Amino acid sequence: MALSSPSARPDLSGAEVASSALTLTPEGQLSRFNDFYTSHAQFVARSIRRLGIREELLDDTLQEVFLIVYRKLPELDGVEHEKTWLFRITMNVAANVRRQAQRWQKKLGSGSESLPDSLPGPDDQLARVLHDKKLVLLYRILATLDDDKRDVFVLHELEQLSIPEVAAALGLNLNTAYSRLRAARAAFERRVLHSESPGSDP
Amino acid sequence: MTVQQKARELVDIGRREVVLDGERLEQNRARVLSRATAAAILAASASATSSVSAASTVGAVGKAAGGALVGAKVGTSLSLAKLIMGVAVLGGSVAGTYFLGTRGDSARVPTPLSAPPVIQSAPPLVPRMEVDSTAPTIEGQQTPAEASPTIRSAAPKQRPPATSIRVHAELLRDARSALAAGDAAGALQLLDGQREVAQGPLGPEWTAARILVLCRLGRVAEARQSGARFLKRHGSSPLAAQVASSCARSE
């Protein structure tokens, strides 16, 4: 998780971080971007998908996230948990994308393909991409969870962040994060139970 | 199998999920770098005078971004692209935004949701920079070690096809200038003259530009048709805000 050349960047105070864009060498910054992208692109892609972005918007959304990362690279030195920092960016971009997609849909009227008002389940396209039926089931269940519960569940159970990290990523206090996790686990298991109808669980 | 065991099994599958294969991973990396580079070029052309240093920097960025264009090769040609970063930092606040905001449009186009148009507040007509039009692009034979701002005098024997990110970005810039000058027909001619841009990393920028130009020409039906397709495919792009705010939207 650590950047590849931490020695090139001594720890910076907050004030120094603010001006560090001026001191990064182009080589160092590109190298850092590439390391960061290589380390985290899959995480971002998974997160985007799990945050309910339609499959056809996944690539554009990923690019938006990493364009922001690219601009904010100098901040990274002051970031304690890269993954939580990145997830916050991803979450914000995904929220924008969902809002935009709904807005464009309204503006374009009924002529184009409909968009769901809330989180989409795995649409046909996603189902085609995901050959594993159990993975499709996982997405279907995730899509039925409340946003706040799903975020905690995904970050802790699937991405294996600690609860303090999850709380930091989502801007929650610890107790709230724990309580949402409990509720999310219970809801998840209920959905698993309900999925055991014929044909839904291979 | 208990419910808990089934839940655990699904969670384990989720933990192992790989969303992007290697090729898609590199295509996205290349497009991020291309977009950042294009923004840098456009920002430089909007703010810089025709100083030699600015011109040579943009020339270098063009070549560097060319490296990003090579998709799967990007991993090995990144040293060629390293010069992107310096310029992209200069244009830091504009990476991810686009050239489409023009003076004519700005009066009726609301501020995009996620990022403002990059050039909206810049002088719409800047002297055309002496961008290094003779420098080899990535498709030439240049090696990564040769990529530097000083390479601009090294003209290739044969100019490669206009497929470098720099050339594409310059086309978009020129179209913007034409549109800003009220020459929508000229802008359309420029765009349609290089339809191959639509197939490159800056394809969405090309398409969005063409939609706005069609609007300006009053070709609303075409703009709407193209706009609907665009928003379906690129609804998450900052460009979408501009397209959706143009005549391409349904009233």
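Quick note: numbers below take in every heavy atom, side chains included, and nothing from hydrogens, waters or symmetry partners. All values derive from a computational prediction rather than experimental measurement.
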What do the steps show when you test D60(A) against R233(B) for side chain to side chain contact (heavy atoms under 4.5 Å, CB included), and what is the final call?
-> CA-CA 9 Å; D60(A) 271 6; R233(B) 288 193 58 194; over 6 Å; no

Please assess R29(B) against T38(A) for the test side chain to side chain contact (heavy atoms under 4.5 Å, CB included), listing each intermediate value before the final yes or no.
-> CA-CA 9 Å; R29(B) 187 203 302 265; T38(A) 302; 3.0 Å; yes

Test log, rule side chain to side chain contact (heavy atoms under 4.5 Å, CB included), inputs Y139(A) and E17(B) = CA-CA 11 Å; Y139(A) 273 97; E17(B) 185 189 9; 2.7 Å; yes

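Each of V192(A), L142(A), L135(A), L158(A) was evaluated against L10(B); a single residue qualifies, V192(A), per the side-chain contact (heavy atoms from CB on, under 4.5 Å) test.
Considering every non-hydrogen atom in both V18(B) and Q42(A), the closest pair reads CG1-NE2, 3.4 Å. Nearest heavy atoms, A41(A) versus L20(B): O-CD1, 4.3 Å.
In terms of non-hydrogen atom pairs under 4.5 Å with chain A, the most contact-rich of V3(B), I13(B), N28(B) is N28(B).
In this structure, the portion of F153(A) lying under 4.5 Å from any heavy atom of chain B is its side chain and not its backbone. There is no contact between E159(A) and chain B, counting heavy-atom distances below 4.5 Å.
For the pair Y37(A) (side chain) and E26(B) (backbone), a donor-acceptor distance under 3.5 Å is absent.
Residues of residues 181-190 of chain A that come closer than 4.5 Å to chain B, counting heavy atoms only, are F188(A), E189(A), ordered by residue number.
Under the 4.5 Å side-chain criterion, counting only non-hydrogen atoms from C-beta, R35(B) is in contact with E64(A). A heavy-atom distance below 4.5 Å is not found between the side chains of I48(A) and V19(B).
Going from atom CZ of R24(B) over to atom CG of L58(A) covers 5.5 Å, rounded to the nearest 0.5 Å. Here the NZ-CZ distance, from K232(B) to R54(A), works out to 7.0 Å after rounding to the nearest 0.5 Å.
By the 6.0 Å contact criterion, CD on E222(B) is enclosed, its count of non-hydrogen atoms from other residues, nucleotides or ligands being greater than 12.
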